[in-house]
Amino acid sequence: MEKGVEISFQLNGGREDVSVVEALANLTGNFFSSQIEVEWRIFHVTLGENLFYKVLYTGKTLNRLHPRNENDIKRKFDELAHLDYSDLMKEYEAKSREPGFRKIPVKELKEEYDLWQDKLWNYI
C-alpha cells in the first residue's frame, strides 16, 4: 500500500448502500483536500465469502511522520459515520454542489487470502 490511511468497514445491518459509502469517503476526502494534498480511492472488496469496503487516503503528508493528519482523517470519517442516514445524505448533497467538490466512485476489488502475510508466520 502507498503511504496513507486505510479505513476498512462494513455497513450496519448488512446494508449494501453505495451512496452511503461514497458520501463518507468523498466528504472526508474533500474536507481535507482544502488543507493538505490528499487523493483517495474507494473499493468494494470481496475476500472469500466476506464483503466490505475499503477507503485509501494517500498523500505526501499522510504517513508515520505526520500522525496528526492520519488521526484527523480517521476522526472525521468516524464523525460522519455516526450521523443518521438522512443527515449524512443532506450534507453530501449540499457539499457536492459546491465548486471543486470531487466525487470518486466505488470500484470493485477481489482479494484473496495471502497466508504469507498472516502474523502466524512470524512465530514459526
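The model shown is predicted, which means the values in this text are computed figures rather than measured ones.
- You'll find the side chain of Lys103 reaches within 4.5 Å of the side chain of Tyr92, heavy atoms only.
- In this structure, Leu109 and Thr46 have side chains that are not in contact, with every pair of non-hydrogen atoms separated by 4.5 Å or more.
- Looking at Ser19 and Asp17, their side chains do bring a donor and an acceptor atom within 3.5 Å of each other.
- Distance check: Lys74 NZ to Thr28 OG1 gives 13.0 Å after rounding to the nearest 0.5 Å.
- Between Ala25 and Ile42 the shortest heavy-atom distance is CB-CD1, 3.4 Å.
- The structure places OG of Ser34 at 10.0 Å from CD of Glu98, a figure rounded to the nearest 0.5 Å.
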Subject >> Intermediate values then yes/no, side-chain contact (heavy atoms from CB on, under 4.5 Å), Val38 and Thr58 >> reply: CA-CA 6 Å; Val38 65; Thr58 61; over 6 Å; no
**OP:** Given side-chain contact (heavy atoms from CB on, under 4.5 Å), test Leu27 with Lys95 step by step and report yes or no.
**Re:** CA-CA 8 Å; Leu27 282 169; Lys95 295 286 186 184; 3.7 Å; yes
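- Ion pairing of Lys90 with Glu93 is absent here, as no side-chain N (NZ or NE/NH1/NH2) approaches a carboxylate O to less than 4.0 Å.
- Tested against His44, the residues Lys107, Glu108, Lys54 include a single side chain to side chain donor-acceptor pair (under 3.5 Å) partner, Glu108.
- Note: Ile73 CD1 to Phe31 CZ = 10.5 Å, rounded to the nearest 0.5 Å.
- A donor-acceptor distance shorter than 3.5 angstrom exists from the side chain of Asn26 to the backbone of Ile104, with no hydrogens or angles considered.
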**OP:** Would you sort out whether Val5 and Ile7 count as a side-chain contact (heavy atoms from CB on, under 4.5 Å), showing the intermediate values?
**Re:** CA-CA 7 Å; Val5 178; Ile7 300 174; 4.0 Å; yes
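- Between Phe9 and Val55 there is a side-chain heavy-atom pair separated by less than 4.5 Å.
- Of the possible polar contacts, none joining the Asn30 side chain to the Phe101 backbone as a donor-acceptor pair under 3.5 Å is found.
- Contact detail for Ala23 and Met89: the closest heavy-atom pair is CB-SD, 4.1 Å.
- Contact annotation: the side chain of Phe77 approaches that of Tyr57 to within less than 4.5 Å [non-hydrogen atoms, C-beta and beyond].
- Closest approach of Trp40 and Ser33 over heavy atoms only: CZ3-CB, 4.5 Å.
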Original post:
Would Asp72 and Arg75 satisfy salt bridge (Lys or Arg N to Asp or Glu O under 4.0 Å), going step by step from the backbone distance to the final call?
Top reply: CA-CA 5 Å; Asp72 288 349; Arg75 195 174 302 113; 2.9 Å; yes
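- Between the side chain of Gln10 and the backbone N or O of Leu51 there is at least one donor-acceptor pair closer than 3.5 Å.
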**OP:** For the pair Phe52 and Leu47, evaluate side-chain contact (heavy atoms from CB on, under 4.5 Å) and give the outcome as yes or no after the intermediate values.
**Re:** CA-CA 8 Å; Phe52 61 96; Leu47 177 62; 4.0 Å; yes
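- Proximity of Tyr53 to Leu24: side-chain heavy atoms (C-beta onward) are nowhere separated by under 4.5 Å.
- Using a 4.0 Å cut-off between a side-chain N of Lys or Arg and a carboxylate O of Asp or Glu, Arg41 and Glu6 do not qualify as a salt bridge.
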